[in-house]
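All figures in this text were calculated on a predicted structure; none of them were measured in a lab.
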Amino acid sequence: DTAKVYQGLCRHIEDRSNAPVAYQMGGESAIKIGLGYWRVTTEAVNRKYNEQEILIKPIPNTFTVYLGPHIMPDGSDAPYGFIMEQMALKKFKRLYPKARVGAQEFQEIDDKIGFWRTEATVTVCEYFYCEYEGSEKLGIRWCKMTGVEKLESGEWPGKYIPIVEVIGRESIVKGKRILWGLVRPAKDSLRMNNYWMSALTEKISLAPKVPFIGAE
């Protein structure tokens with residue numbers, strides 16, 4: 001009976017979140033390049049009583065996620081993780097009206113300014129990390145920040161970093177983790193096909209329309 005209740009709750013979360021979109025995006029990225037992600041987050045449904053609803057959301061750009069060292073293929077044992085978002089300047093000012101946003105305030109980060117602040121965007125980083133007491137994990141903390149200040153922080157109501165990793169093929173080569181999808185193994189065969197098709201096209205284009213001309 002308890003298992004049925006949990007299954008029902010999970011189905012409700014997936015239905016409410018349109019979770020197949022997140023799964024498909026993460027899986028498609030893993031197929032293409034060997035690595036993809038989706039995330040778990042919460043949304044306030046009653047701020048007066050601090051009631052929140054769990055949601056599963058896609059991460060369209062794999063390269064906006066940085067997950068700490070881990071062994072499990074889903075990244076559940078990672079000690080920390082980052083999710084970067086390039087936020088439109090108008091939206092950032094609306095959400096964080098007191099935040100430092102002037103271009104001159106970002107000058108202190110020198111050559112990285114182009115990443116953290118452009119004319120139209122501000123990069124916002126979500127940082128999740130585990131708190132430990134000795135070897136015992138106490139809980140998950142999180143904060144949002146820009147390149148120059150912390151915007152907000154708090155405790156994440158869970159025991160895992162809420163970033164789920166999806167991988168394609170994986171190997172350890174000389175102690176280094178190597179991931180790949182369908183594209184890398186297909187490159188050589190596709191290059192060969194392209195070469196032969198180019199050679200064939202060249203041969204046909206150079207051939208005269210009437211190959212033999214002479215007296216009867």
Q: Rounded to the nearest 0.5 Å, how far does SG of Cys125 lie from OH of Tyr66?
A: 9.0 Å
Q: Would you mind telling me which of Val148, Val122, Thr123 makes a side chain to side chain contact (heavy atoms under 4.5 Å, CB included) with Arg117?
A: Val122
Q: Report yes if the side chains of Tyr80 and Cys130 come closer than 4.5 Å at any heavy-atom pair, otherwise no.
A: no
Q: Please check if the number of heavy atoms outside Lys91 that lie under 6.0 Å from its NZ is greater than 12.
A: no
Q: Is the shortest heavy-atom distance from the side chain of Met87 to the side chain of Lys93 under 4.5 Å?
A: no
Q: Residues two or more places apart in sequence or in another chain: which of them pass side-chain hydrogen bond (donor to acceptor under 3.5 Å, both in side chains) with Arg11?
A: none
Q: Does Glu51 have any side chain to side chain contact (heavy atoms under 4.5 Å, CB included) partners at least two apart in sequence or in another chain, and if so, which?
A: Val45, Asn46, Tyr49
Q: Please list all pairs meeting ring pair (Phe, Tyr, Trp, His ring centres under 6.0 Å) that have one or both residues in residues 165-204, counting only residues at least two apart or in different chains.
A: none
Q: Taking the side chain as C-beta and beyond, is there a heavy-atom pair between Phe128 and Arg39 under 4.5 Å?
A: yes
Q: Got a sec, which residues hit side-chain hydrogen bond (donor to acceptor under 3.5 Å, both in side chains) with Glu28, two or more places apart in sequence or on another chain?
A: Lys32
Q: Between Val40 and Tyr160, is there shared hydrophobic-cluster membership here, with clusters defined by ILVMFWY side-chain heavy atoms closer than 4.5 Å?
A: no
Q: Could you grab the distance from atom CD of Glu126 to atom CD1 of Ile83, nearest 0.5 Å is fine?
A: 5.0 Å
Q: Can you name the closest pair of heavy atoms from Pro69 and Pro79 and give their distance?
A: O-CD, 3.2 Å
Q: Using every non-hydrogen atom in the two residues, find where Gly68 and Ala78 come nearest and quote the distance to one decimal.
A: O-CB, 3.8 Å
Q: Which residues pass the ring-ring contact (aromatic ring centres under 6.0 Å, His included) test with Tyr129, sequence neighbours left out?
A: Tyr127
Q: With sequence neighbours excluded, tell me which residues meet ring-ring contact (aromatic ring centres under 6.0 Å, His included) with Tyr23.
A: Trp38
Q: Could you state whether Leu89 and Leu151 fall into the same hydrophobic cluster, counting links through intermediate Ile, Leu, Val, Met, Phe, Trp or Tyr residues with side-chain heavy atoms under 4.5 angstrom apart?
A: yes
Q: Just checking, any donor-acceptor pair under 3.5 angstrom between side chains of Glu53 and His12?
A: yes
Q: Hey, is CZ on Phe92 packed in by over 12 heavy atoms from elsewhere, all under 6.0 Å?
A: yes
Q: What do the steps show when you test Ile161 against Phe82 for side-chain contact (heavy atoms from CB on, under 4.5 Å), and what is the final call?
A: CA-CA 10 Å; Ile161 303 296; Phe82 299 87; over 6 Å; no
Q: If I take atom CH2 from residue Trp116 and atom CD from residue Glu105, how far apart are they, to the nearest 0.5 angstrom?
A: 15.0 Å
Q: For Arg184 and Ile178, run side-chain contact (heavy atoms from CB on, under 4.5 Å): C-alpha distance rounded to whole Å, both residues' side-chain angles, the deciding distance at 0.1 Å, then the answer.
A: CA-CA 12 Å; Arg184 187 181 298 179; Ile178 305 294; 3.7 Å; yes
Q: Classify the side-chain pair Thr201/Ser198 by whether it contains a donor and acceptor separated by less than 3.5 Å.
A: no
Q: Using the side chain to side chain donor-acceptor pair (under 3.5 Å) rule, collect all pairs that involve residues 142-159, keeping only residues at least two apart or in two chains.
A: Tyr96-Glu152
Q: What verdict does the side-chain contact (heavy atoms from CB on, under 4.5 Å) test give for Ile59 and Met25, after you've listed the backbone C-alpha separation in whole Å, the side-chain angles of each residue and the deciding distance to 0.1 Å?
A: CA-CA 7 Å; Ile59 299 179; Met25 276 191 178; over 6 Å; no
Q: According to a hydrophobic-cluster definition based on side-chain heavy atoms being under 4.5 Å apart (Ile, Leu, Val, Met, Phe, Trp, Tyr only), do Phe106 and Leu95 belong together?
A: yes
Q: In the hydrophobic clustering that connects Ile, Leu, Val, Met, Phe, Trp and Tyr at side-chain heavy-atom distances below 4.5 Å, which members other than Ile204 occupy its cluster, ordered by chain and number?
A: Leu200
Q: Among residues at least two apart in sequence or on other chains, which ones pass side chain to side chain contact (heavy atoms under 4.5 Å, CB included) with Arg177?
A: His70, Glu165, Ile167, Glu170, Ile172, Leu179
Q: I want to check something: taking the side chain as every heavy atom from C-beta on, are Asp1 and Val5 in contact at a cut-off of under 4.5 Å?
A: no
Q: How far apart are the C-alpha atoms of Arg16 and Leu55, what are their side-chain angles, what is the distance that settles it, and do they pass the side-chain contact (heavy atoms from CB on, under 4.5 Å) test?
A: CA-CA 7 Å; Arg16 175 83 166 77; Leu55 295 174; 3.7 Å; yes
Q: Mind checking the CD-CE spacing from Glu202 to Met197? Nearest 0.5 Å is all I need.
A: 13.5 Å
Q: Going by the rule side chain to side chain contact (heavy atoms under 4.5 Å, CB included), which residues pair with Lys187 if we only count those two or more places apart in sequence or in a different chain?
A: Val183, Arg191
Q: Ignoring hydrogens and angles, tell me if any N or O in the side chain of Ser189 forms a donor-acceptor pair with the backbone of Ala186 under 3.5 Å.
A: yes
Q: Check whether more than 12 heavy atoms from other residues, nucleotides or ligands sit under 6.0 Å from atom CD1 of Ile71, and answer yes or no.
A: no
Q: Please answer whether the main-chain N or O of Ala19 pairs with a side-chain N or O of Ser17 as donor and acceptor at a distance below 3.5 Å.
A: no
Q: Suppose we screen for side chain to side chain contact (heavy atoms under 4.5 Å, CB included). Which residues come up paired with Pro20, at least two apart in sequence or across chains?
A: Asn18
Q: Nearest 0.5 Å, what's the OG1-CD distance between Thr121 and Glu85?
A: 10.5 Å
Q: Roughly how far, to the nearest 0.5 Å, is the CD1 atom of Ile56 from the CG atom of Asp15?
A: 11.0 Å
Q: Under the side-chain hydrogen bond (donor to acceptor under 3.5 Å, both in side chains) test, which residues partner Ser76, sequence neighbours left out?
A: Asp74
Q: Grouping I, L, V, M, F, W and Y whenever their side-chain heavy atoms are under 4.5 Å apart, do Leu67 and Leu35 come out in a common cluster?
A: yes
Q: Are Ile140 and Val65 connected into the same hydrophobic cluster when the rule is that any two of I, L, V, M, F, W, Y join if their side-chain heavy atoms are below 4.5 Å apart?
A: yes
